[in-house]
Q: 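Right, I'll just put the structure down here and ask away after.
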Amino acid sequence: MAAKLIKGAEVAAQIRAELKQEVEELKAKHNIVPGLVTILVGQDPGSVSYVTAKQKTSHELGFYSIQDNQEPDITEAALLALLDKYNKDPKIHGILVQLPLPKHIDSNKVLYGINPDKDVDAFHPVNVGRILIGNYAFLPCTPAGCQELIYRAYGDPKGKEVVVVGRSNIVGKPMVAIMIQKRVGANATVTCVHTGTPKDKMIEHCRRADILIVAAGVPNYIQADWVKEGVCVIDVGVNRIGMTESGKAKLAGDVDFAAVSEKASFITPVPGGVGPMTITMLMKNTVMAAKLAAGLVKL
Ligand code: GUN
């Protein structure tokens, strides 16, 4: 079987079109303009390119949007004071502090300093707890993007065997929490395998998967003989494996794409699969934060 490609950029464009319409309606009916601030400490080139893309998309959707650049030597106390200012600003509904932060700043302390109702990354422990309980406003952007891709391309995962490879706080753990929810787009039977899983068991679990979600951080880790015919594969990996002739980073996912796509029914490419969804889900969270602040949705 040659797998159908799940094209993240197309799905992301569709969701952005839906969001744009929702933003127009919020403005027309309720005089609400979603507000997002992205805070960047220092000038790490990767982080600069991420926040630039986030700002560009939020402007395209008609948000009130601020890029707040801070010097790399800002103190932790000054950064917390800045968060306090945005926590109190009624025009700002979503606050994002771009990671990683310089070593002299405790990232957890900073992330915990964001008002959970403005935490559009959904990294605050209050939001992590809300997600597990099933009463939440935001989902972390990358696993939420994976869920959207599965639902819109493959269909409802209800009752399916989902295997998640990796247990990071940003992807693996929230992915498990999302897929076990008693909701449309979830309701799956979920297994999480990780570095503590013996290799033979890892392969055994992967082979059972109807839907395999891989966030292992190891290029070309998942082999064709680890998957069953017809599996839907979501590859979250973005690994730099060299340079192209034109001097761009050459990327590989965590899945041996060429071989696995011969057996899978659906597969995400790298790049162009999960990647384009992440920023789109941040925009979705910001719209939700604006509705939450206005009392249009309740937790
Ligand atoms: N750095 C890399 N990815 C992310 C993300 O999703 N959110 C934040 N805040 N920083 C990041």
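Because the structure is predicted, anything quoted here is derived from the model rather than measured. Start at 1 and go down the list; that is how both ligands and their atoms are numbered. The first residue in the sequence is number 1, and the count goes up from there.
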Q: Going by side-chain hydrogen bond (donor to acceptor under 3.5 Å, both in side chains), name the residues that satisfy it together with Lys7, two or more places apart in sequence or in a different chain.
A: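 Testing Lys7 for side-chain hydrogen bond (donor to acceptor under 3.5 Å, both in side chains), a comparison that skips the adjacent residues, returns none.
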
Q: Report yes if some N/O of Leu96 lies less than 3.5 Å from some N/O of ligand 1; otherwise report no.
A: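 No.
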
Q: Measuring from atom 5 (C) of ligand 1, which candidate in Asp121, Thr278, Thr142 has the nearest non-hydrogen atom?
A: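 Among Asp121, Thr278, Thr142, the closest heavy atom to atom 5 (C) of ligand 1 comes from Asp121.
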
Q: Begin with the C-alpha distance, continue with both residues' side-chain angles, and end with the deciding distance and a verdict on side-chain hydrogen bond (donor to acceptor under 3.5 Å, both in side chains) for Glu161 and Thr189.
A: CA-CA 5 Å; Glu161 291 282 347; Thr189 306; 4.8 Å; no

Q: Measure the distance from atom 4 (C) of ligand 1 to every protein heavy atom, then report the residue, atom name and distance (to 0.1 Å) of the closest one.
A: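 Among all protein heavy atoms, the one nearest atom 4 (C) of ligand 1 is Gln98 NE2, 4.2 Å.
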
Q: Consider every N or O of Tyr50 and every N or O of ligand 1, then say whether any pair is closer than 3.5 Å.
A: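 No, since none of the N or O atoms of Tyr50 sits under 3.5 Å from an N or O of ligand 1.
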
Q: Under 30°, 30 to 60°, or over 60°: which ring-plane class applies to Phe266 and Tyr154, parallel, tilted or perpendicular?
A: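 If you compare the ring of Phe266 with that of Tyr154, the planes turn out perpendicular.
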
Q: So if I count the atoms of ligand 1 from 1 in the order they appear, which ones are less than 4.0 Å from some heavy atom of Val97?
A: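 Result: 8 (C), 9 (N).
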
Q: For Pro100 and ligand 1, does the shortest N/O to N/O distance drop below 3.5 Å?
A: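 No, no N or O pair falls under 3.5 Å.
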
Q: According to the salt bridge (charged side-chain N to carboxylate O under 4.0 Å, His left out) rule, which pairs have a member within residues 24-34, sequence neighbours left out?
A: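 Residue pairs passing salt bridge (charged side-chain N to carboxylate O under 4.0 Å, His left out), neighbours aside: none found.
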
Q: Got the closest protein heavy atom to atom 10 (N) of ligand 1, with its distance?
A: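 Residue, atom and distance for the closest contact: Leu99 N, 3.0 Å.
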
Q: Can Asn220 and Asp256 be counted as having a side-chain donor-acceptor contact under 3.5 angstrom?
A: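 Checked: Asn220/Asp256 side chains show no N/O donor-acceptor pair below 3.5 Å.
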
Q: May I ask you to decide whether Glu60 forms a salt bridge with Lys20, counting only side-chain N to carboxylate O separations under 4.0 Å?
A: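 Looking at Lys20 together with Glu60, the answer is no, because their closest N to O distance does not fall below 4.0 Å.
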
